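First up is the structure itself, then whatever we jot down about it.
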Amino acid sequence: MADLKKPIMLLVVDLALIVEKLVLIVVVVMASLVIAMYATFAERKVAAILQDRRGPNRAGPFGLLQPLADGLKLFFKEEIIPTFSSKFLFIMGPALAMLTAVMTSAVIPWGDKVQFFGRDISLQIADINIGILYVFGVVSLGVYGIMIGSWASNNKFSLIGGLRAASQIISYELAMGISLIALLMVTGSLSLKEMVLQQQAGYWNIVYQPLGFLIFLICAFAECNRTPFDLPEAENELIGGYHTEYSSMKLGFFLFAEYINMFINSVIMATLFFGGYDCPFVNEANFSPNIAALIGVAALMIKVVCFLFFFMWVRWTIPRFRYDQLMHLGWRILIPLALFNMLATGGVILYFNK
Amino acid sequence: MSITTLAFILLSVMAIGSAVMMIISKSPVHSVLWLIVVFFAISGHYVLLNAQFLAIVNIIVYAGAIMVLFLFVVMLMNLNAETEPIKNYRLQLIGIVSGGSLLLVLLSALMRAGQQQLVEMKVGDAGLINVLGKTLFTNYVLPFEISSVLFLSAMIGAVVIGKKD
């Protein structure tokens with residue numbers, strides 16, 4: 001029960017815990033930003049390899065400083081706010097997109113605990129008992145940044161992009177939610193930490209929920225607006241989609257939020273279905289806590305890098321859907337499939353638990 | 001003043017303030033955005049009552065899905081402050097009278113309610129997911145099943161409408 005009241009307890013605890021959590025928050029947010037930054041670099045390199053080119057190789061050794069150069073370029077560009085747009089909402093759009101992208105990282109268990117100065121520090125910012133629902137809620141808020149930004153631009157192409165994003169995310173959220181319900185029936189817990197502990201003790205959830213994982217993966221692509229679902233920013237029909245009117249770092253934030261979302265979605269998929277920070281065939285109890293935590297974080301990051309590569313691989317391989325195909329896939333294929341998965345999971349659990 | 005009281009006052013001011021802003025703002029899109037802020041404040045109240053499941057479901061369902069649809073429709077119809085018809089005096093008067101009488105009814109009901117059990121902060125587990133689930137599937141199983149059949153029929157209806165073309 002002590003675990004259940006944590007969000008409220010956080011308000012009245014000692015200073016050391018607050019400092020500890022603040023440091024953890026800064027580290028996690030900075031790490032997500034840096035990884036997202038290098039994801040942009042990796043995307044260009046992967047694209048180059050798939051298209052038989054060399055990719056960016058001028059800035060620094062192997063072009064490693066390219067993301068910094070890109071960021072500087074965006075910062076120094078002239079900022080333009082259209083005359084007829086709602087100025088406050090125009091600025092709110094990219095800010096909200098960034099905020100919701102980073103917020104999810106609060107409930108992810110990045111590793112087990114480390115020991116510093118004689119204290120056990122859990123590598124999770126908040127182990128709330130509704131972890132996965134929190135993730136789902138924040139993801140469903142992610143569309144507001146795009147919608148508000150596109151409406152405030154006062155541009156038809158932007159508006160169409162924003163509306164496409166909204167209907168796409170709402171449609172795919174349903175299938176995603178139902179596939180999650182099947183997973184929750186297997187684990188019996190909403191806490192992400194608890195799920196990882198279960199997977200450490202037994203098999204990874206991908207063994208029990210292969211179909212659920214496939215549905216979740218497709219929906220994650222749609223929620224991130226990644227190809228083949230990048231219709232909101234389809235550049236050959238909508239100029240630039242929802243960010244047509246944006247320039248300078250506001251455009252940068254929109255683009256950057258997509259990469260953070262990709263990273264966070266990869267972490268979520270690794271945590272839910274691939275054991276999180278669990279390193280297979282290694283018994284963490286044999287090592288000292290700090291080494292074990294290091295192995296855990298490394299294992300999680302390796303899984304995440306695989307997912308990020310998969311995101312990029314698909315982007316440069318598969319062409320974009322038409323909009324009716326997108327809706328057909330979402331409503332007529334994924335949702336019935338997810339419902340079937342839920343029923344089958346329930347039936348199997350009932351059969352074996354009798 | 002404890003931090004819980006402070007949070008309660010902050011959330012209440014936020015909820016009431018944004019509700020007022022929702023009513024008085026001219027642009028429909030701004031109204032919808034203020035309504036979303038109201039939902040967030042109410043979710044904060046749920047967290048103070050230790051009903052975290054209700055809080056997050058409120059955000060997922062209302063702020064995350066229903067308000068997106070509201071915003072979608074408002075944006076699609078392109079309602080702007082300039083295109084709004086100017087309401088005449090009589091209509092405003094009727095609005096004030098009917099709203100005022102509703103307020104009176106609510107206030108009198110509240111005054112006559114007498115000393116009720118006050119809401120307890122930070123304690124109780126009625127809003128936690130396992131307790132809620134057990135209650136729903138034991139005490140309230142029939143209403144729960146009926147409402148799920150209702151949702152199912154709404155889903156089938158949507159599929160039928162979508163199939164027509």
Side-chain angles (χ1 to χ4, degrees), chain A residues 1 4-13 84 86 88-89 92 96 100 128-144 146-148 150-152 154 156 158-160 162-167 169-170 173-174 177 184 188-191 324 327-328 331-332 335-336 339, chain B residues 2-4 6-7 27-30 32-33 36 39-40 43-44 46-76 78-81 121-125 127-133 152 155 158-159 162-163 165:
Chain A
M1 279 307 277
L4 303 179
K5 287 173 184 160
K6 245 183 185 161
I8 297 195
M9 289 299 288
L10 271 179
L11 298 173
V12 285
V13 282
F84 290 108
S86 156
F88 177 70
L89 290 182
M92 273 283 278
L96 271 179
T100 48
I128 50 179
N129 62 346
I130 45 162
I132 186 61
L133 285 180
Y134 171 87
V135 171
F136 198 60
V138 174
V139 166
S140 68
L141 295 177
V143 69
Y144 279 119
I146 293 176
M147 277 188 92
I148 291 174
S150 71
W151 182 77
N154 199 21
K156 283 199 178 85
S158 298
L159 187 64
I160 293 174
L163 294 178
R164 278 184 177 188
S167 43
I169 288 181
I170 286 212
E173 223 165 55
L174 281 174
L184 296 181
S189 166
L190 290 172
S191 157
D324 59 320
M327 284 294 154
H328 184 268
W331 287 96
R332 299 233 185 116
I335 289 182
L339 282 172
Chain B
S2 75
I3 205 148
T4 318
L6 203 70
S27 155
V29 171
H30 290 160
V32 171
L33 295 178
I36 294 165
F39 284 130
F40 271 94
S43 278
Y46 281 136
V47 171
L48 281 186
L49 295 170
N50 209 18
Q52 295 140 21
F53 178 69
L54 285 184
I56 202 71
V57 164
N58 188 37
I59 286 186
I60 292 175
V61 173
Y62 284 94
I66 293 183
M67 292 322 287
V68 172
L69 283 181
F70 267 45
L71 204 58
F72 189 90
V73 172
V74 169
M75 282 178 179
L76 208 59
N78 204 13
L79 300 168
N80 288 321
M121 293 284 201
K122 277 170 53 171
V123 289
D125 47 7
L128 296 180
I129 184 164
N130 20 13
V131 184
L132 200 70
L152 189 66
M155 250 168 98
V159 171
K163 245 184 171 169
D165 55 328

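Only a predicted model underlies this, so the values are computations on that prediction, with no experimental measurement involved. When reading the values below, keep in mind they use all heavy atoms of this one structure, side chains included, and skip hydrogens, waters and symmetry mates.
- B:M67 touches chain A through backbone and side chain together, each having a heavy atom under 4.5 Å away.
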Donor-acceptor pairs under 3.5 angstrom involving side-chain atoms of residues 53-66 of chain B: please list them, not counting sequence neighbours.
residue	atom	partner	partner atom	Å
B:N58	ND2	B:F39	O	3.4
B:N58	ND2	B:S43	OG	3.1

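- Only the side chain of A:L89 comes within contact range of chain B, judged by heavy atoms closer than 4.5 Å.
- Summarising the geometry, atom CZ belonging to A:F88 is positioned 9.5 Å from atom CG belonging to B:L33; distances are rounded to the nearest 0.5 Å.
- Residues B:M155 and A:L339 are in side-chain contact: their nearest non-hydrogen atoms beyond the backbone lie under 4.5 Å apart.
- The contact between A:I170 and chain B is made entirely by side chain atoms (from C-beta outward), counting heavy-atom distances below 4.5 Å.
- Shortest non-hydrogen contact noted between B:F72 and A:L163 is CE1-O, 3.3 Å.
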Atom pairs and distances, side-chain donor-acceptor, residues 130-140 of chain A, under 3.5 Å, sequence neighbours left out:
residue	atom	partner	partner atom	Å
A:Y134	OH	A:M103	O	3.2
A:S140	OG	A:G137	O	2.7

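- Within a 6.0 Å radius of CZ in B:F70, no more than 12 heavy atoms belonging to other residues, nucleotides or ligands are found.
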Stepwise, does the side-chain contact (heavy atoms from CB on, under 4.5 Å) test hold for B:I36 with A:Y144?
CA-CA 10 Å; B:I36 294 165; A:Y144 279 119; 3.4 Å; yes

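- Rounding to the nearest 0.5 angstrom, the gap separating the CE atom in B:M75 from the CD1 atom in A:I160 is 13.5 Å.
- Heavy-atom distances place the side chain of A:L190, and not its backbone, under 4.5 Å from chain B.
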